[in-house]
Amino acid sequence: QVQVVESGGGLVQAGGSLRLSCVASGSIFRLNAMGWYRQALGKQRELVATITSGGSTRYADSRTGRFTISRDDGLKTVALQMVSLKPEDTAVYYCNANLIPVGWGQRTADYWGQGTQVTVSS
């Protein structure tokens, strides 16, 4: 069994900061790319940032400079540091982990967390 669990969401005023964390646990043979996505009320889920196993990062254009993604492969965690938050950043933030479970050979699978709510007040 593999689990992905997020933490760190909450309520913050505009201009404030939050740090989201996500841990992947269970029978994991190899952890590939990890990332953060978000879904605002009434909108589709969208990319926030991703990071490969080699450390290469990709950000949605509007988040470049305000958000920083990082990972710790030893702990199987990925974090998202968010600064200068805006009300439009309000959403449920989801962690995604692409990985190979133990016993799957070279087949990969995407696992999602349950999401953590981020609310930015104006």
Side-chain angles (χ1 to χ4, degrees):
Q1 294 281 11
V2 174
Q3 283 190 318
V4 174
V5 178
E6 306 98 337
S7 61
L11 173 64
V12 65
Q13 288 187 332
S17 301
L18 276 177
R19 182 179 176 85
L20 305 182
S21 295
C22 168
V23 59
S25 62
S27 299
I28 300 171
F29 175 70
R30 188 171 72 203
L31 193 57
N32 297 324
M34 302 183 79
W36 290 94
Y37 295 74
R38 72 186 188 186
Q39 187 167 18
L41 195 62
K43 296 187 177 181
Q44 289 188 331
R45 190 173 298 189
E46 62 177 3
L47 168 73
V48 177
T50 61
I51 184 166
T52 68
S53 57
S56 296
T57 58
R58 179 165 71 104
Y59 296 90
D61 289 344
S62 64
R63 261 76 69 185
T64 300
R66 295 193 299 121
F67 292 4
T68 303
I69 190 170
S70 60
R71 65 188 282 165
D72 184 322
D73 286 336
L75 296 176
K76 294 185 177 65
T77 60
V78 62
L80 184 70
Q81 179 68 46
M82 305 183 290
V83 301
S84 301
L85 283 162
K86 305 174 181 180
E88 51 263 44
D89 294 317
T90 295
V92 178
Y93 284 69
Y94 295 92
C95 177
N96 172 269
N98 180 268
L99 55 88
I100 301 176
V102 171
W104 280 42
Q106 293 299 307
R107 291 176 296 157
T108 63
D110 280 306
Y111 288 83
W112 293 87
Q114 291 296 310
T116 185
Q117 177 70 47
V118 171
T119 303
V120 184
S121 64
S122 58

- Message: Within this structure, what is the CH2-CD1 distance for the pair Trp36 and Ile51, rounded to the nearest 0.5 Å?
- Response: 12.5 Å

- Query: Does Leu18 belong to the same Ile/Leu/Val/Met/Phe/Trp/Tyr cluster as Val23, with side-chain heavy atoms less than 4.5 Å apart forming each link?
  - Reply: no

- Identify which one of Arg38, Met82, Glu6 satisfies the side-chain contact (heavy atoms from CB on, under 4.5 Å) criterion when paired with Leu20. Met82

- Item | side-chain contact (heavy atoms from CB on, under 4.5 Å) evaluation trace for Gln106 with Arg30 | CA-CA 9 Å; Gln106 293 299 307; Arg30 188 171 72 203; 3.6 Å; yes

- Item | For Tyr37, all residues meeting ring-ring contact (aromatic ring centres under 6.0 Å, His included), sequence neighbours excluded | Trp112

- Item | Pairwise ring pair (Phe, Tyr, Trp, His ring centres under 6.0 Å) hits with a residue in residues 73-94, at least two apart | none

- Task: Tell me, yes or no, whether the heavy-atom count around Gln114 atom CD, taken from other residues, nucleotides or ligands under 6.0 Å, exceeds 12.
- Result: no

- Task: Under the salt bridge (charged side-chain N to carboxylate O under 4.0 Å, His left out) rule, collect the residues that match up with Asp73, sequence neighbours excluded.
- Result: Arg71

- Is any side-chain heavy atom of Phe29 less than 4.5 Å from a side-chain heavy atom of Leu99? no

- Is there a donor-acceptor pair closer than 3.5 Å between any side-chain N or O of Thr90 and the backbone N or O of Val120? yes

- Item | Thr108 OG1 to Asn98 CG distance, which is reported to the nearest 0.5 Å | 4.5 Å

- Message: Other residues, nucleotides and ligands only: do more than 12 of their heavy atoms fall within 6.0 Å of CD on Gln3?
- Response: no

- Task: Mind checking the OG1-CG spacing from Thr77 to Leu31? Nearest 0.5 Å is all I need.
- Result: 9.5 Å

